[in-house]
Peer 1: 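Quick one: structure below, then a few questions.
Quick note on labels: first sequence line is chain A, next is B, and so on, each numbered from 1. Scope of the values below: all heavy atoms of this structure, side chains included, with no hydrogens, waters or symmetry mates.
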2 protein chains.
Amino acid sequence: MSPEPQKGRAPSIRDVARLADVSHQTVSRVLNGHPSIRDETRQRVLDAMEALKYRPNRAARALVTSRSRTIGVLSATTGEYGPSSSIAAIEDAAREAGYFVNTANLAASTPAAIVDALKHLVLQDVEGLIVMAPQVRVFDVLAGMAMDIPYVSLQSTGQSDHRALAVDQIAGARAATQHLIDLGHHEIVHLAGPQDWIEAEARMRGFLDAIIDADLRTHPPILGDWTADFGYYAGRELSRYRDFSAVFAANDLMAIGLMHAFRDAGLDVPHDVSVVGFDDIPVAQHVSPPLTTVHQEFREVGRRAVALLLGELRGEPVSQSEEIVPALVVRGSSGPVHAALVHY
Amino acid sequence: MSPEPQKGRAPSIRDVARLADVSHQTVSRVLNGHPSIRDETRQRVLDAMEALKYRPNRAARALVTSRSRTIGVLSATTGEYGPSSSIAAIEDAAREAGYFVNTANLAASTPAAIVDALKHLVLQDVEGLIVMAPQVRVFDVLAGMAMDIPYVSLQSTGQSDHRALAVDQIAGARAATQHLIDLGHHEIVHLAGPQDWIEAEARMRGFLDAIIDADLRTHPPILGDWTADFGYYAGRELSRYRDFSAVFAANDLMAIGLMHAFRDAGLDVPHDVSVVGFDDIPVAQHVSPPLTTVHQEFREVGRRAVALLLGELRGEPVSQSEEIVPALVVRGSSGPVHAALVHY
DNA sequence: CTTTTCCATGTGAACGTGAACATCCGAACG
DNA sequence: CGTTCGGATGTTCACGTTCACATGGAAAAG
């Protein structure tokens, strides 16, 4: 037999108090882990909560504490592996910390769309923000809206802005480029991401650093949009010129599209052209040839972002953990330069 | 000069009321679009809200209405394109309808993990649930928890359970299989998904239906886990037997892994083996050979799920929209059967 | 033995909003 | 011209929780 045939209304803290024969405040204390509660009393309250199937009312709590226990994620993904994994990891980590996550997706990267998404998150009363979107623009908009919400950015240029997570994209890109140089390539093209993404900018920087250090000719980078389709398009254009022996693409999807175009153009990867990507998405090792790329720990990045943000929310000294340096994974898409092509 | 130097507390409905020289209730009426408000009054209130930069307090509203305006998404993804896109679309649609979305990700598909995720969503006071996870188990758990939250499932077996979204996965799988049969294949293997996913079950059903209708030999299906790595593993095993001329994989990732394994084993796709996938993820057309697959409209599915759920929340008659029938996309990975292999 | 302190608990108020009911006023109706 | 009605607005209360403060008693300190 059930203890009480709930009469419409959900049991509140006061119902529990009545059943446990204490004041509602004592129940509240049990709920919040207040130290000054006798064990026996606490147990009685817990039993009563169990009996009534009591569940705290989040809205009431949020109202009085003016804390929503919710963090917002501003993303701009259409389902790509990287951001999606990070978001999933963010949710896991937040859940573990007792926080909720609300994601707003950018339909476009126009200021209007950004304002829209931010307004939605603000309406939701998020306590903090994790930004995984064209950061440059987002920061502009954020500044313009004069909001004082703590935020954390998912990727950085390596210069430790305290609110940015330190993933050394520059080092990763540099390693990828150096790998090509070590293989003997002198004419390397960079297929970059949209330049309003900090990641894209950082990867280009790393690429240029390596090129300049090796005193090689710099080809003008191609500005892409992260998609495999664009990679294919770029590959078609590139194969008309063939004044290069390797391409470093700013992400795997573009690299895969690129390889497709080269294949269609009769170019062999890696014999005629070497290709290196960035991200190490799960299919990267299964395409033909398996893609040499830079491995990113997306889940780890998500976890750290949450840790960083929650730390800031608690007012803790921002303990920047060690930088994550993404690791180069050499597979079949990159190989030694082929003499015939070097002298174009 | 700013109207009022906000003294700590955010402006409330009463502050607006004072400034507009009306009662707080009038402000509330303006907020909720009550009809009986004089235009002049409404304007005065709106001006006051603007001047104070008033923003309604969600918690207070939720407390008094006991409606959170939040829907929950139970997902089980590690960043795959399909579910991720659907989730993004769900967020967009929900936002447009003034709802918030809270996603809980399943760490594992164990009952404990499911209970965990559901509890989190319930704590968040979600008004309804969209399930994109091993539905079979989730439904069991849901039943066991005796929760009366309306929910909608993202994919169905085709039999219109009123709470399930009608994507005719069976028809899609059938079309894929029939395509192989039409090409002359008689020995077709199915690389299935985990059987506690309704999608996996449906795709296998469609496969079997086509096979049986064509009176072909049924190979025992291989039960996979949706990942490319598993596809590769399965491909390695399969290439040891070679008593088949085509494989229908339950999703593209597994299909791509499969092709990789066949390549490694010296089998040519599609000459020696035809491969068909399911989903049409963005890389599908860029792998080598481009993958024949069944195209799914993930975003549309997400949108419809929201529409269905919100309809149910409003108590509207469940207007099941037309079924979505995914479309076969023929590319290079499938071709006519090669005689030498038919007689294995 | 008195005073202080601290622990365990209770009391009342406040958070910002919407619902129910009350009130006022002018128009329509008889 | 009185009565009724409904539109426009105001008043009061409730939602479920936490916070600030109060209280009583026992232990510690003098």
Side-chain angles (χ1 to χ4, degrees), chain A residues 4 6-46 48-49 52-70 98 100 122-125 127, chain B residues 4 6-46 48-49 52-70 98 100 122-125 127:
Chain A
E4 280 297 321
Q6 0 209 27
K7 39 184 180 180
R9 202 147 286 304
S12 86
I13 209 183
R14 298 191 126 92
D15 298 320
V16 175
R18 200 172 310 121
L19 184 58
D21 198 33
V22 294
S23 76
H24 67 101
Q25 176 62 354
T26 299
V27 178
S28 172
R29 290 195 175 100
V30 170
L31 231 37
N32 296 307
H34 188 103
S36 295
I37 296 274
R38 254 189 313 158
D39 282 351
E40 192 239 71
T41 311
R42 185 196 326 279
Q43 195 52 53
R44 204 145 34 93
V45 169
L46 290 174
M49 299 200 312
L52 294 176
K53 300 197 174 189
Y54 165 80
R55 272 196 287 110
N57 183 314
R58 219 169 78 84
R61 176 175 293 176
L63 175 60
V64 72
T65 60
S66 62
R67 299 195 46 196
S68 64
R69 293 239 152 221
T70 300
F100 301 93
V122 169
L123 263 180
Q124 165 81 310
D125 293 324
E127 293 180 22
Chain B
E4 279 297 320
Q6 359 209 26
K7 41 183 178 180
R9 202 147 285 307
S12 85
I13 208 181
R14 300 190 123 94
D15 299 319
V16 175
R18 199 172 312 121
L19 184 58
D21 197 34
V22 294
S23 75
H24 79 271
Q25 177 63 352
T26 298
V27 178
S28 171
R29 289 194 176 102
V30 170
L31 232 35
N32 296 304
H34 189 101
S36 294
I37 297 275
R38 252 189 315 159
D39 282 349
E40 190 239 71
T41 310
R42 184 195 327 279
Q43 195 53 53
R44 201 145 33 93
V45 170
L46 289 175
M49 299 200 311
L52 295 176
K53 299 199 176 191
Y54 166 79
R55 272 194 288 106
N57 183 314
R58 219 170 79 84
R61 178 176 289 176
L63 176 60
V64 72
T65 60
S66 61
R67 299 195 49 195
S68 64
R69 292 238 152 223
T70 299
F100 302 94
V122 168
L123 263 179
Q124 166 81 309
D125 294 323
E127 291 180 23

Peer 1: Describe the nucleic acid contact of A:T41 in one word from base, sugar-phosphate, nothing, applying a heavy-atom distance below 4.0 Å.
Peer 2: sugar-phosphate

Peer 1: For D:dG10, does OP1 or OP2 lie under 4.0 Å from any side-chain N or O of B:T26?
Peer 2: yes

Peer 1: Considering only C:dG18, C:dG12, D:dG10, which nucleotide approaches the side chain of B:L31 most closely?
Peer 2: C:dG18

Peer 1: Would you kindly give the CZ-to-C1' distance between A:R55 and D:dG16, to the nearest whole Å?
Peer 2: 14 Å

Peer 1: Can you tell me the distance, in whole Å, between the CD1 atom of B:I13 and the C1' atom of D:dC15?
Peer 2: 15 Å

Peer 1: Looking at A:D15 and A:S12, would you say the former's side chain and the latter's main chain have a donor-acceptor pair under 3.5 Å?
Peer 2: yes

Peer 1: With side chains defined as the heavy atoms from C-beta onward, is the minimum distance between B:F100 and A:T70 less than 4.5 Å?
Peer 2: no

Peer 1: OP1 or OP2 of D:dT18 less than 4.0 angstrom from a side-chain nitrogen or oxygen of A:T65, does that happen here?
Peer 2: no

Peer 1: With sequence neighbours left out, write down each residue that passes side chain to side chain contact (heavy atoms under 4.5 Å, CB included) with B:S66, or none if nothing qualifies.
Peer 2: none

Peer 1: Kindly indicate whether the side chain of A:R38 and the base of C:dT9 share any N or O donor-acceptor pair separated by less than 3.5 Å?
Peer 2: no

Peer 1: On DNA chain D, compare the nucleotides closest to B:R14 and B:R42; which residue's is nearer the 5' end?
Peer 2: B:R42

Peer 1: Tell me if a side-chain donor or acceptor on A:T26 pairs with a main-chain N or O of A:V22 at a distance below 3.5 Å.
Peer 2: no

Peer 1: For D:dT9 and B:S23 - does any side-chain N or O of the residue sit under 4.0 Å from the phosphate oxygens OP1/OP2?
Peer 2: no

Peer 1: Check whether any side-chain N or O of A:R29 sits under 3.5 Å from a backbone N or O of A:H34 as a donor-acceptor pair, and report yes or no.
Peer 2: no

Peer 1: Can you tell me if A:S36 touches the phosphate of C:dA8, counting only side-chain N or O atoms and a distance under 4.0 Å to OP1 or OP2?
Peer 2: yes

Peer 1: Over how many whole Å does the gap from B:Q25 atom CD to D:dT12 atom P extend?
Peer 2: 13 Å

Peer 1: Tell me: CZ of A:R29 to P of C:dG10, nearest whole Å?
Peer 2: 8 Å

Peer 1: Rounding to an integer number of Å, can you tell me how far A:R18 CZ sits from C:dG10 P?
Peer 2: 14 Å

Peer 1: With distance as the sole criterion, do the side chain of B:H34 and the base of C:dG18 form a donor-acceptor contact below 3.5 Å?
Peer 2: no

Peer 1: I want to check something: taking the side chain as every heavy atom from C-beta on, are B:L19 and B:Y54 in contact at a cut-off of under 4.5 Å?
Peer 2: no

Peer 1: Please tell me if A:R9 has a side-chain N or O lying less than 4.0 Å from either OP1 or OP2 of D:dG16.
Peer 2: yes

Peer 1: How many whole angstroms separate atom CD of A:Q43 from atom P of C:dT9?
Peer 2: 13 Å

Peer 1: Rounded to the nearest Å, what distance is computed from the CZ atom of residue A:R44 to the P atom of nucleotide C:dA8?
Peer 2: 14 Å

Peer 1: With a 3.5 Å distance limit and no angle check, can you tell me whether B:R42 reaches the backbone of B:V30 through a side-chain donor-acceptor pair?
Peer 2: no

Peer 1: CG of B:N32 versus C1' of D:dA8: gap in Å, rounded?
Peer 2: 16 Å

Peer 1: Please list, in numerical order, the residues of residues 57-64 of chain A that have a heavy atom closer than 4.0 Å to any atom of DNA chain D.
Peer 2: A:N57, A:A60, A:R61, A:L63, A:V64

Peer 1: Sequence neighbours excluded, which residues qualify as side chain to side chain contact (heavy atoms under 4.5 Å, CB included) partners of B:E127?
Peer 2: B:R67, B:S68, B:R69, B:Y99, B:L313

